[in-house]
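Report on the following structure.
FYI, side chains are in, hydrogens and waters are out, and symmetry mates aren't considered; it's all heavy atoms of this structure. In what follows, every chain begins at residue 1, and chains take the letters A, B, ... in the order their sequences are listed. Everything quoted here is computed from the prediction, not taken from an experiment.
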Number of protein chains: 2
Amino acid sequence: MVGMRDVAREAGVSTSTVSLVVNGNGYVSAAMAERVSQAMKRLNYVPNELARNFSRNETDLVGVIIPTIRHPFFATLTASLQSALYEQGMRTVLCSTADVDQDVSQYVDMLRRRAMDGIIMGAHAVYPADYWSSIERPIVAFDRFLGGSIPSVGSDHSQGGHLAASLFAHTGAHHVVEIGGPRTLYQTASGPRSVSLGNIQIAGQTTFPPIRYHLAFEQRLQQTGIHYDYIEIENVAQMEQFRNAAHLAFERYPDLDAIVAPDLAAAFCVQEAFRRGRAIPGDLQIIAYDGSYVSDLAGLKLTSILQDFDGIANALARQLLQAIPGRVYRAPDATQRQAGQEGTGLNGARPGSVPGSELIPMSVKLGESTRWEGSIEDLLSSE
Amino acid sequence: MVGMRDVAREAGVSTSTVSLVVNGNGYVSAAMAERVSQAMKRLNYVPNELARNFSRNETDLVGVIIPTIRHPFFATLTASLQSALYEQGMRTVLCSTADVDQDVSQYVDMLRRRAMDGIIMGAHAVYPADYWSSIERPIVAFDRFLGGSIPSVGSDHSQGGHLAASLFAHTGAHHVVEIGGPRTLYQTASGPRSVSLGNIQIAGQTTFPPIRYHLAFEQRLQQTGIHYDYIEIENVAQMEQFRNAAHLAFERYPDLDAIVAPDLAAAFCVQEAFRRGRAIPGDLQIIAYDGSYVSDLAGLKLTSILQDFDGIANALARQLLQAIPGRVYRAPDATQRQAGQEGTGLNGARPGSVPGSELIPMSVKLGESTRWEGSIEDLLSSE
DNA sequence: CTGTTAGCGCTTTCAA
DNA sequence: TTGAAAGCGCTAACAG
């Protein structure tokens with residue numbers, strides 16, 4: 001293997017000069033640089049990144065922990081993340097826990113051993129807050145609060161919940177069924193505390209922010225007196241559960257006339273509706289929550305509450321880069337920033353109460369599965 | 001940072017002994033091992049993987065190059081790949097070219113610089129064969145032939161094409177429309193050679209094996225005298241194109257009564273059909289090719305030609321590991337091997353003509369979008 | 001601007 | 001079974 005010394009010898013310079021040329025940082029005269037470049041070319045020199053990593057004590061690798069890359073939501077988010085990270089000179093190590101049937105700890109250990117420069121944590125895990133804080137390496141959480149000083153980024157789900165409920169409230173829904181994640185995640189940041197799904201309104205943070213969508217949703221429905229029920233999906237990584245939940249919704253609540261569900265579940269609901277001869281949106285309205293491409297495939301264009309995947313990804317990348325010592329976050333082009341926006345943008349971001357946390361605004365894309373004829377602005381102004 | 005020397009000092013042994021204990025390979029007395037372990041615990045020692053990588057000249061990282069992780073097909077494949085690689089002690093670096101708007105060469109350079117131990121190449125690239133062979137580092141291709149000695153793994157698409165055509169032939173289709181990838185990839189392994197889509201039958205390899213599906217499909221249809229047309233998708237990474245292709249199929253060929261299409265396109269075809277009041281499968285039959293979960297979401301259960309994602313992933317992982325010097329491939333449990341099998345398994349794998357190449361058998365899952373009432377065995381035995 | 005030099009933390013012969 | 005020691009290839013002071 002031809003190394004720097006060889007190049008240095010060939011060019012008649014020292015290794016440090018070669019290093020400067022390769023990395024293009026320090027001051028090297030043009031002549032010298034040229035001479036070295038020629039030597040590199042002659043010898044077919046390829047820098048050894050392992051040695052470089054070892055020396056710098058960095059890998060430029062970021063672990064992206066998610067439940068499964070199969071799921072369109074996480075696939076879409078991961079695509080945005082990979083792009084945002086790439087712009088910052090970082091590469092993505094895929095860490096989908098359900099796909100490899102592994103605990104999160106495997107990947108955290110890689111972080112500890114410095115195999116990665118940081119981690120974006122977007123999967124469920126059972127560790128107490130001090131597990132995370134004791135790691136003392138760059139970690140940023142997606143849609144969850146891990147512990148004291150670990151930043152968190154996620155969509156503004158209270159806004160999303162409010163939007164969904166408003167749509168139903170203004171289109172004369174009577175019985176809404178919501179399909180969503182496990183209730184065991186209904187906990188406050190101050191410790192595990194189970195929360196009734198009844199009439200209460202939570203103060204403070206939940207450890208699992210998407211739950212705020214449910215709460216806002218519920219609250220808004222109650223204003224209008226719409227009856228609603230909840231169907232729980234235990235494991236987001238198992239697609240079967242989305243189908244089962246959809247089936248259950250129709251079996252258990254024959255009089256339902258409105259559904260909000262993660263778009264995978266929403267797609268199955270469409271199928272159930274077709275099969276049972278329920279007309280959409282005349283007889284039954286459906287809102288897909290998340291807004292991955294699946295909401296476009298489901299037999300008709302679903303109205304959906306969109307997450308701003310690129311916005312989330314950029315925020316995550318920024319938070320992570322800021323947590324890596326010696327790194328600076330370079331903002332992407334303005335043109336790129338807007339790429340994720342589709343449909344109607346709403347409120348600006350509001351800071352969460354956890355340090356470094358960010359809420360990314362959501363938006364609505366009206367499709368064929370709801371009855372609202374006007375614009376979203378119309379809807380909101382009539383609130 | 002506490003390193004091996006510290007542990008060695010604490011335990012009163014040499015660093016090499018500590019190394020042996022950490023890696024659990026050499027011969028160390030139980031007492032000594034225990035003493036060292038205690039010391040590690042006391043000092044909270046965490047091995048530095050960068051130093052290890054540097055020393056071993058390995059990273060245990062594999063780059064998975066695909067067009068986009070957004071696409072359900074590649075997401076599913078990547079999930080299987082990640083699992084297969086994890087079992088071999090390798091981690092996955094996500095390299096989706098369209099998501100980061102980068103050329104394949106960026107990732108190949110990483111391979112050259114030893115930032116990864118190998119690459120699985122599943123995206124389109126324009127380089128000549130000698131580009132790939134000159135790299136002289138572990139590379140395995142998915143569904144394409146790159147160059148002389150680079151192994152290739154992919155589904156047996158001629159089988160898939162034959163299956164699809166047989167289904168149509170036996171259910172009285174008259175006008176079949178096929179939606180598929182770019183025709184410019186219709187090249188033989190012996191060099192770029194464009195191939196008419198007319199009546200000819202190709203001898204030899206195409207550089208892009210999925211094309212064989214088209215050829216087999218066409219050939220089988222001709223036996224029955226079924227009229228057919230082809231609609232081309234230029235860029236697989238752009239989902240819009242799938243929708244457009246679906247729309248185009250109905251506009252251009254109003255009398256079509258059968259469609260084969262990648263499942264994303266198939267899903268949009270269902271939507272078009274609904275919108276136009278075409279009854280499925282009575283009036284129009286649809287076969288989804290690939291068989292990712294999308295074929296279950298599309299408003300009804302689509303009949304699909306399935307790729308064996310786990311089978312493909314295991315073969316890719318095996319080929320790659322065998323190409324990495326000093327690595328041995330350990331076969332996964334029998335239970336895991338079958339995980340990917342769904343529907344009806346068919347012919348066994350047939351070796352391709354390129355060294356190290358493998359063809360993974362495909363299968364059929366009958367859904368609601370075709371009219372065949374019997375089993376697949378019935379269908380094939382009536383051939 | 002360029003060269004000298006001292007590591008980075010671990011693996012791996014080779015001796016003892 | 002354990003220890004001593006020589007790197008692995010590059011970076012980054014520091015000196016010139």
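Among the protein residues, A:Asn23 comes within range of the sugar-phosphate backbone only, with heavy atoms under 4.0 Å from sugar or phosphate atoms but none that close to a base. Using a 4.0 Å heavy-atom cutoff across all strands shown, B:Val22 reaches no nucleic acid atom at all. In this structure, B:Ser29 reaches the sugar-phosphate backbone alone: every heavy-atom distance under 4.0 Å involves primed, P, OP1 or OP2 atoms, never a base.
For B:Asn53 and D:dG9, the CG to C1' distance is 14 Å, given to the nearest whole Å. One can place CD of B:Glu58 at 17 Å from C1' of D:dG9, the figure rounded to the nearest angstrom. Between B:Leu50 atom CG and D:dT11 atom C1' the separation is 14 Å, expressed in whole Å. The nearest whole Å value for the distance from the CZ atom in A:Arg56 to the P atom in D:dT11 is 8 Å. Between the CE atom of B:Met4 and the C1' atom of C:dC8 there is a distance of 14 Å, rounded to whole Å. Residue B:Asn57 contributes atom CG, which lies 11 Å from atom P of D:dC10 at whole-angstrom precision. Note: CZ (B:Arg113) to P (D:dG9) measures 16 Å, nearest angstrom. Computed from coordinates, the A:Tyr27 OH to C:dG3 P distance equals 18 Å when rounded to whole Å.
Taking for each of A:Leu20 and B:Thr15 the nucleotide of DNA chain D with the nearest heavy atom, the 5'-most of the two is the partner of B:Thr15. In terms of position along DNA chain C, the nucleotide closest to A:Ser14 lies nearer the 5' end than the nucleotide closest to the other residue of the pair A:Ser14 and A:Ala51.
Each of C:dG3, D:dG3, D:dT11 was ranked by its minimum atom distance to the side chain of B:Ser16; first place goes to D:dG3. Checking C:dT4, D:dC10, D:dT2 against the side-chain heavy atoms of B:Thr17 singles out D:dT2 as nearest. Side-chain atoms of A:Ser55 lie closest to C:dC8 of the nucleotides C:dC8, D:dG3, C:dT11.
With respect to the salt-bridge test (charged N to carboxylate O, under 4.0 angstrom), the residues A:Asp117 and A:Arg56 do not qualify. With respect to B:Arg318 and B:Glu358, a salt bridge is recorded, a charged nitrogen being found less than 4.0 Å from a carboxylate O. Remark: A:Arg42 engages A:Glu10 in a salt bridge, criterion side-chain N to carboxylate O under 4.0 Å.
Proximity of A:Tyr45 to the phosphate of D:dC10: a side-chain N or O atom is located under 4.0 Å from OP1 or OP2. Between B:Ser19 and C:dC10, a side-chain N or O to OP1/OP2 separation shorter than 4.0 Å is absent. Put simply, A:Arg52 has a side-chain N or O that comes within less than 4.0 Å of OP1 or OP2 on D:dT11.
A side-chain contact (heavy atoms from CB on, under 4.5 Å) with A:Val36 holds for exactly one of A:Leu20, A:Val22, A:Val18; it is A:Val18.
Atom CG of B:Asp130 has more than 12 neighbouring heavy atoms from other residues, nucleotides or ligands inside a 6.0 Å radius.
Residue ring and base: B:Phe54 does not count as stacked with C:dC8 (centre distance below 5.5 Å and interplanar angle below 30° not both satisfied).
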